[in-house]
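Each remark here refers to the structure printed beneath this line.
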Number of protein chains: 2
Amino acid sequence: MDTAPRPGLRERKKQRTRDALVRSALELFAAQGYERTTVDEIVEAVDVSQRTFFRYFAGKEEAAFAVQEMTESHFLDAVRQRPPHEAPLDALRRAVMASWDTIGEAIEAVVPIELHMRTYQLIESTPALLATHLRRHEGLEEQLARLIAEREGVDVDADPRPRVAVALFGGVMRLAARRWGAGEDFSVAAMRELTASYLDGMGPALTEDWHTRNKRDREDTRDTR
Amino acid sequence: MDTAPRPGLRERKKQRTRDALVRSALELFAAQGYERTTVDEIVEAVDVSQRTFFRYFAGKEEAAFAVQEMTESHFLDAVRQRPPHEAPLDALRRAVMASWDTIGEAIEAVVPIELHMRTYQLIESTPALLATHLRRHEGLEEQLARLIAEREGVDVDADPRPRVAVALFGGVMRLAARRWGAGEDFSVAAMRELTASYLDGMGPALTEDWHTRNKRDREDTRDTR
DNA sequence: AGATTAGTGACAGCCGCTGACAATTGACAA
DNA sequence: TTGTCAATTGTCAGCGGCTGTCACTAATCT
């Protein structure tokens, strides 16, 4: 399973340069904001040319999402490792919880976890980064839908249920993440609590009556003209 | 309620310039793609300076979303007009259906509807535009959540149910929109059908067993360590 | 009509990003 | 070791999005 015997000097050097660029970028972003940080500042701190930066990253944004990328593929792996007898939403929920317990070390190899947390806050509060983050999130949902469809043995393009389930799950996850970022407690434990509580709220939100209102017969809503 | 007696020459001129820029932009985007269209091309077709373009729009993107902006506020109005006795998800569903029946004229006043449709396709297929679209979508969800919370008389920050309900609804709506854009039939009727069918799938997706599997007892999933 | 104010055009300049080409450096064999 | 090849990098030039500044024109106000 270990397919990395000796990366070779060249490869190691590349990895070091890349990590240094990510670290330098995230530090500068956290210190002075994303927009106010120029690529020239980033490369100057690592002492490489601007052209080199753009050989490692397609754009300034990609550097900001380098660590996110790691956590996402880690989560996907966790989903793949769920036993097939678990129901879809159950497997997703357990995979989230499990991946948070083991992602720490991988992150720390590149940047301090605290910096990663601050980067997440920055993404949520910077419109340009938030937009890209949401697009990436949707890409992740697409991959999740295919995984779920495979688990359940259905055709992801013919059967809407995998995508619907993942959309519900993803929507609630984003809600929890947003609230976590807006709160005070940035610990993993807090995130875990929030996520569990929001996931528990999915069912109740679908039952139509919230306070004292009686259950009413749902007439056909297809056409209101 | 009509607070627009005489716009004045100056105001009318501004409106015409703006509409011309939007039309010119969307036509060029549709013809040659978003990225391959420069702001210089857009302003040349309207015969104004590049500086003027950036006085009307914060960026090239904003011109691409000018019509979307109209449809979104139209939908919000439709939600506000739903009678308060309707359950949240029911009101949202009916508001979508209702707003589609009346948005046509407002769009046509600026650009041909067919161009608006093509623009939507373009947004879905252009990564940079898709990202911004998703961020706008989330902004809309936030406004929806506040509306729903007000209708139901709950505190949007203390009670998670409005946001959860809207997240579920919004996620399913995006799914339908995405599929509509990927399909063949770009009529409003097709969109209506798709939306209804996806909304109907929300309930079934939450019930955990999809094929022959028996309902299993949900153990506690809060902690898997 | 004259004063005021809003909208515009022209110009200069920053920043993200890319193509092209030359220079450097690690990988591998002779 | 040394020479060759290929990968990586630096330098330079340039485009497109976007902004600040300032003078100029045209609509509005008195």
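Here the structure is a predicted model, which is why all the values come from computation and not from measurement. A, B, ... follow the sequence lines: proteins, then strands. Residue 1 opens every chain. Computation of the quantities below employed the complete heavy-atom set of this structure, encompassing side-chain atoms and omitting hydrogens, waters and symmetry-equivalent molecules.
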In whole angstroms, how far is the C1' atom of dC14(C) from the CZ atom of Arg36(A)? 16 Å
Is the shortest distance from a Lys or Arg side-chain nitrogen in Lys14(A) or Asp19(A) to a carboxylate oxygen in the other one below 4.0 Å? no
Nucleic acid contacts - residues 10-29 of chain A versus DNA chain C, non-hydrogen atoms under 4.0 Å: Arg10(A), Lys13(A)
Name the pairs: protein N/O against N/O of nucleotides 17-20 of chain C, kept only if under 3.5 Å.
residue	atom	partner	partner atom	Å
dC17(C)	OP2	Lys60(A)	N	2.7
dC17(C)	N4	Gln50(A)	OE1	3.4
dG19(C)	N7	Arg51(A)	NE	3.3
dG19(C)	N7	Arg51(A)	NH2	2.9
dG19(C)	O6	Arg51(A)	NE	2.9

dG9(C) phosphate, OP1 or OP2, under 4.0 Å from Thr52(B) side-chain N/O: yes
For residues Asp159(B) and Glu152(B), determine if any side-chain heavy atom of one lies less than 4.5 Å from a side-chain heavy atom of the other. no
Inspect the contact between Asp157(B) and Arg163(B) and indicate whether a charged nitrogen and a carboxylate oxygen are less than 4.0 angstrom apart. yes
Output yes when at least one side-chain N/O atom of Tyr56(A) is less than 4.0 Å from OP1 or OP2 of dT8(D), else no. no
Strictly below 4.0 Å, N to O, side chains only: are Asp155(B) and Arg161(B) in salt-bridge contact? no
Ion pair present between Glu72(B) and Arg136(B), side-chain N to carboxylate O less than 4.0 angstrom? yes
Short N-O contact, Glu142(A) and Arg146(A), less than 4.0 angstrom: yes
4.5 Å side-chain heavy-atom contact, His133(B) and Arg174(B): yes
For Glu62(B) and dT19(D), give me the distance from atom CD to atom P, rounded to whole Å. 10 Å
Can you find a side-chain donor-acceptor pair between Ser187(A) and Asp185(A) that sits under 3.5 Å? yes
